[in-house]
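Only a predicted model underlies this, so the values are computations on that prediction, with no experimental measurement involved.
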Amino acid sequence: MTFQRARTDEQRSERRRQILEAADAMLTEMTVAELSLTALSRRVCLAKANVLRYFESREAVLLELLETQVSDWVAELEHEAVPTDGGSRERGDRLAELLASSMARRPVLCDLLSSQAAVLEHNISAEVAIRHKQTARKSLGNLVALVGRYLPELGDDGAATLVETTLLMAMAAWPCSRPPQAVLAAYASDPALAAMRIDFADAVRRTAEVTASGLLARKGAPKATIA
């Protein structure tokens with residue numbers, strides 16, 4: 001295929017969209033660690049140098065894909081018809097289940113999130129970092145607002161803490177719940193070792209439940225006074 005440079009804004013946007021869609025599709029077949037710029041350029045039938053005309057690095061491609069994944073996830077949560085009646089403990093448990101199960105259904109999102117700080121935020125310019133953080137801040141704000149609708153008792157700070165803690169657990173639990181073949185063989189060899197295997201959805205759900213309960217308890221606890 002002969003490379004034809006995109007010359008208009010519309011053509012450039014379409015070329016970027018094609019690259020992002022290719023990366024998204026590839027991440028259903030392989031992990032973030034396995035997706036190379038060479039493989040991506042082959043998928044979109046462009047030389048690496050031509051891919052770099054539209055994104056400054058592999059990491060910049062994946063960061064923008066992460067932004068799309070997070071935005072789509074939050075939009076999905078906002079349209080979930082989950083009851084918001086009942087006591088705060090019950091609502092907190094339902095919210096925890098919703099967050100955990102919805103993330104577990106999005107393996108590409110989870111893989112990108114788990115790679116964000118250690119991999120994707122490296123090899124990018126300050127300009128890309130600023131744009132990424134601004135986009136992430138907006139999505140996090142929407143997620144905090146959603147949590148607040150389920151648990152208004154938490155207030156803005158409590159809702160933000162619940163979101164932060166849940167996401168941090170998801171980032172840590174995802175790679176731990178995807179052990180390599182040698183570790184899987186170890187688990188298979190001994191039931192006592194198999195008990196160490198982490199279930200991603202369960203870990204995220206329990207973390208969100210406990211965090212919500214703890215934050216609610218602290219909100220309701222009387223403040224100590226000095227005699």
Side-chain angles (χ1 to χ4, degrees), residues 17 19-35 40 43 61-86 90-120 132 135-151 159-181 183-184 187 194 196-213:
R17 184 190 65 78
I19 293 169
L20 288 168
E21 286 186 351
D24 193 11
M26 292 174 73
L27 288 178
T28 66
E29 307 163 7
M30 62 186 71
T31 65
V32 167
E34 293 168 332
L35 194 158
L40 177 58
R43 180 66 69 97
V61 175
L62 296 178
L63 270 184
E64 190 157 329
L65 181 56
L66 171 59
E67 293 160 14
T68 301
Q69 286 277 333
V70 171
S71 178
D72 289 348
W73 173 51
V74 175
E76 175 192 295
L77 292 175
E78 290 175 336
H79 287 90
E80 283 282 345
V82 179
T84 56
D85 58 335
E90 184 181 359
R91 283 181 278 115
D93 287 353
R94 284 201 296 258
L95 174 61
E97 173 61 29
L98 172 62
L99 293 172
S101 61
S102 63
M103 293 189 80
R105 292 194 300 269
R106 291 177 169 270
V108 173
L109 167 65
C110 295
D111 196 16
L112 288 166
L113 276 174
S114 70
S115 304
Q116 180 179 358
V119 177
L120 302 187
H132 167 65
T135 303
R137 184 171 180 268
K138 180 179 179 181
S139 291
L140 287 173
N142 292 337
L143 190 53
V144 168
L146 182 143
V147 168
R149 291 200 293 273
Y150 277 88
L151 289 171
T161 298
L162 178 56
V163 168
E164 179 184 85
T165 304
T166 302
L167 288 178
L168 287 173
M169 171 52 75
M171 292 175 184
W174 183 254
C176 294
S177 68
R178 298 294 185 277
Q181 195 58 45
V183 177
L184 286 173
Y187 290 156
M196 298 173 64
R197 184 169 182 178
I198 292 176
D199 180 282
F200 173 80
D202 185 57
V204 174
R205 177 186 55 76
R206 285 187 288 109
T207 297
E209 284 178 353
V210 171
T211 302
S213 295

- Message: Using the side-chain contact (heavy atoms from CB on, under 4.5 Å) criterion, which residues pair with S213? Sequence neighbours excluded.
- Response: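 Partners of S213 by the side-chain contact (heavy atoms from CB on, under 4.5 Å) criterion, ordered by chain and then number, come out as R89.
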
- Residues in side-chain contact (heavy atoms from CB on, under 4.5 Å) contact with E29, at least two apart in sequence or another chain: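 Counting only residues at least two positions away or on another chain, E29 forms a side-chain contact (heavy atoms from CB on, under 4.5 Å) with R43.
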
Is there side-chain contact between [X] and [Y], with heavy atoms separated by less than 4.5 Å?
X    : Y    : result
V70  : L140 : no
T211 : T166 : no
D93  : E97  : no

- Task: Considering non-hydrogen atoms only, spot the tightest contact between L162 and A212 and give its length.
- Result: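 Reported closest heavy-atom pair: CD1-N, 3.9 Å.
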
- Query: What closest approach, in Å, do L62 and A23 show between heavy atoms, and which atom pair accounts for it?
  - Reply: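 For L62 versus A23, the nearest heavy atoms are CD2-CB, 4.4 Å.
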
Gap separating the [atom1] atom of [X] from the [atom2] atom of [Y], nearest 0.5 angstrom:
X    : Y   : atom1 : atom2 : answer
R91  : L98 : CZ    : CG    : 14.5 Å
L146 : E80 : CG    : CD    : 9.5 Å
Y150 : L77 : OH    : CG    : 7.5 Å

- Task: Run the salt-bridge test on R17 and D24 with the 4.0 Å N-O cut-off and return the result as yes or no.
- Result: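 A salt bridge is absent here (no side-chain N lies under 4.0 Å from a carboxylate O).
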
Which side-chain N or O atoms in residues 167-181 pair as donor and acceptor under 3.5 Å with protein atoms at least two apart or in another chain?
| unit_1 | atom_1 | unit_2 | atom_2 | d |
| --- | --- | --- | --- | --- |
| S177 | OG | A173 | O | 3.2 |
| S177 | OG | W174 | O | 2.8 |

Under 3.5 Å, side chain of [X] to main-chain N/O of [Y], donor-acceptor pair present?
X    : Y    : answer
S71  : E67  : no
R205 : S101 : no
R94  : D85  : yes
T28  : A25  : yes

- Query: Looking at residues at least two apart in the chain, or sitting in another chain, which of them share a side chain to side chain donor-acceptor pair (under 3.5 Å) with T31?
  - Reply: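 If we apply the side chain to side chain donor-acceptor pair (under 3.5 Å) test to T31, skipping adjacent residues, the hits are E34.
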
- Task: Name all residues meeting the side chain to side chain donor-acceptor pair (under 3.5 Å) criterion together with N142; count only those two or more places apart in sequence or in a different chain, and write none if there are none.
- Result: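 In terms of side chain to side chain donor-acceptor pair (under 3.5 Å), with neighbours along the sequence ignored, N142 is linked to no residue.
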
Report, one line per pair, each donor and acceptor closer than 3.5 Å where one atom sits in a side chain of residues 108-119; sequence neighbours left out.
| unit_1 | atom_1 | unit_2 | atom_2 | d |
| --- | --- | --- | --- | --- |
| D111 | OD2 | V32 | N | 2.8 |
| S114 | OG | C110 | O | 3.4 |
| S114 | OG | D111 | O | 2.9 |
| S115 | OG | D111 | O | 3.0 |
| Q116 | NE2 | E121 | OE2 | 3.0 |
| Q116 | NE2 | H132 | NE2 | 3.2 |

- State whether the number of non-hydrogen atoms from other residues, nucleotides or ligands found under 6.0 Å of M30 atom CE is greater than 12.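 Above 12, so yes.
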
